[in-house]
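Treat the numbers as computed from the prediction; the structure is a model and nothing was measured.
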Amino acid sequence: MKPFSYERAGSPAEAAAAAVRTPGAKFIAGGTNLLDLMKLEIETPVHLIDVNGLSLDKVEPTPDGALRIGALVRNTDLAADERVRRDYGVLSRALLAGASGQLRNKATTAGNLLQRTRCPYFYDTAQPCNKRRPGSGCAAIGGFSRQLAVIGGSEACIATHPSDMAVAMRVLDAAVETVRPDGAARSIPIAEFHRLPGDTPHIETVLEPGELITAVTLPRPVGGTHIYHKVRDRASYAFALVAVAAVVQPDGSGRVALGGVAHKPWRVEAAEAEMPKGAKAVTAQLLAGAKPTPENAFKLPLVERTLGSVLAEAKG
Amino acid sequence: MKFDTPATTNPIDQLKVIGKPTSRIDGPLKTTGTAPYAYERHDVVPDQVYGYVVGAGIAKGRIASLSVAEAKAVPGVLAVVTHETAGKLGKGKRNAAPLLGGPEIAHYHQAVALVVAESFEQARAAANLVRVEYRKTDGAFDLARAKDAMGDSAEHKKEDSVVGDFAAAFAAAPVKLDETYSTPDETHAMMEPHASIAAWQGDRLTVWTSNQMIDWAATDLAETLKMPKEKVRVISPFVGGGFGGKLFLRADTLLAALGARAAGRPVKVALPRPMMANNTTHRPATIQRVRIGATADGRITAIAHESWSGNLPDGKPETATDQTRLLYAGANRLSGTRLAHLDLPEGNAMRAPGEAPGLMVLEIAMDEMAERLKIDPVEFRILNDTQVDPEKPERPFSQRQLVQCLRTGAERFGWSKRSAEPARMREGRWLVGIGMAAAFRNNLLTKSAARVRLDKRGVVTVETDMTDIGTGSYTIIAQTAAEMMGVGLDRVVVRLGDSSFPASAGSGGQWGANNSTAGVYAACVKLREAVAQKLGFNSADAQFADGQVGSGNRRVPLAQAAGDGELTAEDGIEYGDLDKKAQQSTFGAHFVEVGVDAATAEIRVRRMLAVCAAGRILNPLSARSQVIGAMTMGVGAALMEELAVDTRGGFFVNHDLASYEVPVHADIPHQEVIFLDETDPMSSPMKAKGVGELGLCGVGAAIANAVYNATGVRVRDYPVTLDKLIDRMPPIG
């Protein structure tokens, strides 16, 4: 771990301003990912801006019936929130499928969105990785890729985004609220928040330098049956091989998003028109153009079968 | 004490203390966090500083240039040790590759430097500033390719074990199987990493470490540092898991010693978790071919088992065929291992080396063969039981209750409810299957010594360099001394893991329990003689009970024998050739029920049973803990554990506990363990054997067989993961 300086921010706008003042600064909240990466010198911030004191830890309804989740709401608290459990069950279930109780107690909503990939080559500083060291190459392509992306990857990177929470937020059409260093706020649809790797896999979101997430807003409840089905080799405390987040309406229509298959939560709205026809039809569109490796080609039938199971469960 | 005739009745047979389910006496220290583990021994020597290891970033080649200037400039840095500064080092005979690499690099993450600093953070930060440029050379990293390159050359078969005419008998057999299987590289993944503190006093070296085999560690450390063994002291009273990964001297200990010498201060070193898989040893992958021929009514006439594994030049093969020489009858037999040169990290022992991967394969093959014969898998094994060494029929087994294990297990598990035809049982979304496998592990005899002291309060103190790696050694040794000296457990103190104590068997190969307690038995026999003499008893008549020594009407407190001082006795157990005359092995049967998700093919174990016949069970509580822990490890081996080899770069890619998965609580359901009544007078005066590895042997195959029973999909390459099933699962919805 490299030496770094540290400050506590007084307000979100101050935090954002401080972050651009010191190049190489990073925000820290729960620290469940950042601190590990700093110990390995995969992340080497010269300055940490602690945002834990910013009172962004409330879950509040908005006047128009949406639910606004503060950036610092811990995963445990969000999963247990009565409104979330009642109206956004897929989110509560996704959160509880992730990490462990101890980690969920620390991990925050914004931090969860911003966690880095779990690609093993990203974690090994002796190996090339375009995400860790832009331009150095990708050791995962042609290497051990069982966990990695099957769609949306590039010649530069086949990493996946590891979050469960973000997949549920994607299916719920959440919006990410931020404040920029000039104090201006904006709202980013979650569909646009995470980027595909392209030839700049080290740039993972559309956040601008210094821009700080203040909240995530869930639109008005859409009803339906909420299911989060995470598939993994062991029963708990493992990243998804694939995950399916779904909201299914009584008439068979609905929405679906995938985790564990791409550099971002994966959703193709056009595919959802096929939902009444069943998993095969939906998957064909969802994963059209997929480019799996020999080691992770199993994810394609696995997605279809998992989605089939989800749709059957929704039918009851 | 020489043990060369079968044990007769002795004080252990009283079973007042031995054989009782006794909570571990070191439990309170562990649950209160006061058992001192190596890295936490802040109190043993002042002025400790921190060492951080730099691992090689290539698998094979040479260091082209090495610069430590930047690292040395970091505030707090006291020394940097590299091959250029360490002086000439030897190599312990138990290490395949040097523990400090350079200029030659033998494997990925081989240590190339140690940075010593005032704080851990300084040492770690400076370690990242050690600049190493490498010149890579090509290496061999792919076992399958290496196997192909070996071909069918006779050179690799020179040491095969051959009985009868396998080829002819196999050709003539009406029912036969010829299949190839594989098991992956595995890492021990024990909770406590390798860790050591080293301190020099002049030319004397003391290390506080975490090691299973104190005497091996002291010997190899002295050898590597080219110093007299008498000047090395190794202390390891508590070990947070080893599983074979701590059988040997490793880089943490050597580098702590070198760092302490360079810095002139005591140095502590722990291997960071992401370095453990590639820096230390692992269980090597195997490719195994099994051929079995049988008569139509299920009698094996021909059995062959060959195993290919790889290792560094001084490494050994994984002995995955050993059990096949002894487990089943059959007149025509062939078995052997073939060793390929691989430039991956050193392969070496991991819990039940040989038998664990060997039975994972053999016991699938037996299941497949039973199916071809249309015979129940339990009955097929019973039909081919042997009470003699099938290679040397004049040699019986000392005890062999395999059939009883199988029958008891089948009865208790409800085996009769299993559908012989696969993919027939379903509960909701779960395809349900039941599988079984035989368990087998040899009982190894090795000498073990102890010192026993009696003080004037009547307290008996046992000292031996035996280790407790979480197994319960403290407790069974205390039980042995209490039984022998006729005192309660509260009157016994056990001190372990110190090379200044008499050398023991150590912990490995499931030999620790029987041998170390037999060594304590021997020392106690000597102490009893000394006590009897001191108190004026004829030692043959003296009874030791309730803290007293008595004969006829006379009773004297035991403590009196110590007078105003202390009475000490030291002895050890040594073995004659009883294990040559009769084969000593432990036996068991594993039964497992699994559920396989009909849609996703996720596999979850639902219940497990192990039935074990392993001599006298010294402490049913700690023995059960050993077996359920081993069964858990078997779930890992069957369903998830695999070090993924990058065959381009020559290293294990998933080298942390996020990517190398071992079972968590949610994976482990109801587990039951049954120990059959058994004493083995050929094993030692304790009449005991080991169970810690037996509990792992066969578990993987029982699970794989259960998955087959659930799905009808036969997976021959471990781990059995959903990607190997998904294309053959039933259609959904």
Side-chain angles (χ1 to χ4, degrees), chain A residues 1-4 36 38-41 44 99-100 118-128 139-140 142-147 162 229-239 241-242 244 278-280 294-313 315, chain B residues 55-58 74-75 108-109 120-122 124-125 127-128 134 272 274 278 429 597-605 635-636 639-640 642 644-649 651-668 719 721-727 729 731-733:
Chain A
M1 188 184 283
K2 294 222 153 117
F4 57 89
D36 284 351
M38 287 170 67
K39 290 172 188 174
L40 295 164
E41 295 197 7
T44 51
S100 66
R118 294 287 167 165
C119 174
Y121 294 96
F122 175 70
Y123 272 80
D124 188 336
T125 51
Q127 297 301 317
F144 172 55
S145 58
R146 183 170 181 266
Q147 284 276 351
H229 196 139
K230 181 176 181 178
V231 181
R232 42 192 159 174
D233 292 319
R234 67 179 173 190
S236 177
Y237 200 37
F239 296 99
L241 292 170
V242 307
V244 172
K280 195 175 187 68
E295 284 184 1
N296 66 23
F298 73 92
K299 289 189 177 190
L300 274 51
L302 184 58
V303 164
E304 184 184 320
R305 297 182 68 94
T306 307
L307 179 58
S309 175
V310 164
L311 296 180
E313 185 184 338
K315 233 184 260 175
Chain B
I58 62 163
V74 172
Y108 201 73
H109 280 176
F120 172 79
E121 287 75 15
Q122 288 167 333
R124 183 175 57 188
N128 275 304
Y134 300 97
N278 286 287
R429 56 187 260 234
D597 189 302
T600 64
E602 285 167 288
I603 303 161
R604 301 289 181 252
V605 175
V635 173
L639 298 180
M640 59 195 83
E642 174 175 21
V645 180
D646 188 313
T647 54
R648 307 161 306 169
F651 64 101
F652 301 128
V653 183
N654 51 339
H655 50 71
D656 62 31
L657 292 181
S659 50
Y660 183 89
E661 292 182 10
V662 297
V664 294
H665 275 291
D667 292 298
I668 302 305
T721 45
L722 61 85
D723 47 303
K724 296 169 187 167
L725 302 173
I726 192 86
D727 289 335
M729 294 296 284
I732 47 160

Do [X] and [Y] have side-chain heavy atoms sitting under 4.5 Å apart?
| X | Y | result |
| --- | --- | --- |
| T600(B) | R305(A) | no |
| L722(B) | V231(A) | yes |
| E295(A) | D723(B) | no |

Single hit among V645(B), N654(B), D646(B) for side chain to side chain contact (heavy atoms under 4.5 Å, CB included) with F144(A)
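The passing option is N654(B).
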
Approximate separation, where rounding is to 0.5 Å, of [X] [atom1] and [Y] [atom2]:
| X | Y | atom1 | atom2 | value |
| --- | --- | --- | --- | --- |
| I726(B) | E304(A) | CD1 | CD | 9.5 Å |
| E121(B) | M1(A) | CD | CE | 7.5 Å |
| N128(B) | T125(A) | CG | OG1 | 6.5 Å |

Those residues that, when tested against D656(B), pass side-chain hydrogen bond (donor to acceptor under 3.5 Å, both in side chains) (two or more places apart)
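In terms of side-chain hydrogen bond (donor to acceptor under 3.5 Å, both in side chains), with neighbours along the sequence ignored, D656(B) is linked to S659(B).
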
Using non-hydrogen atoms only, which part of [X] is less than 4.5 Å away from chain A: side chain, backbone, both, or neither?
| X | result |
| --- | --- |
| A598(B) | backbone |
| V662(B) | both |
| I668(B) | neither |

Please identify, among [options], the residue contributing the most non-hydrogen atom pairs under 4.5 Å to chain B.
| options | value |
| --- | --- |
| E313(A), K280(A), K299(A), R146(A) | R146(A) |
| Q147(A), Q127(A), H229(A), K315(A) | Q127(A) |
| S309(A), P3(A), S236(A) | S236(A) |
| A279(A), G142(A), P120(A), P301(A) | G142(A) |

Side-chain (E602(B)) to main-chain (R232(A)) donor-acceptor, under 3.5 angstrom:
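Yes; judged by distance alone, with no hydrogens or angles, the pair exists.
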
Exam field: side chain R118(A) to backbone A658(B), donor-acceptor pair closer than 3.5 Å:
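Absent.
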
Residue part contacting chain B, namely of A297(A), when any heavy atom lies under 4.5 Å:
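Neither part.
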
Between L241(A) and chain B, with a heavy-atom cut-off of 4.5 Å, which part of the residue counts as in contact: side chain, backbone, both or neither?
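Just the side chain, heavy atoms under 4.5 Å.
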
Out of P272(B), G57(B), G55(B), A125(B), return the one with the most heavy atom pairs under 4.5 angstrom to chain A.
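Winner by heavy-atom pair count: A125(B).
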
Scan side-chain atoms only and decide if Y108(B) and D124(A) contain a donor-acceptor pair under the 3.5 Å cut-off.
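Result is yes, a qualifying pair exists.
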
Checking H655(B) now: which residues fulfil ring pair (Phe, Tyr, Trp, His ring centres under 6.0 Å) with it, not counting sequence neighbours?
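With sequence neighbours excluded, H655(B) shows a ring pair (Phe, Tyr, Trp, His ring centres under 6.0 Å) to H109(B), given in chain and number order.
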
Considering non-hydrogen atoms only, spot the tightest contact between L40(A) and P274(B) and give its length.
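The pair with the smallest heavy-atom distance is CD2-CG, 4.2 Å.
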
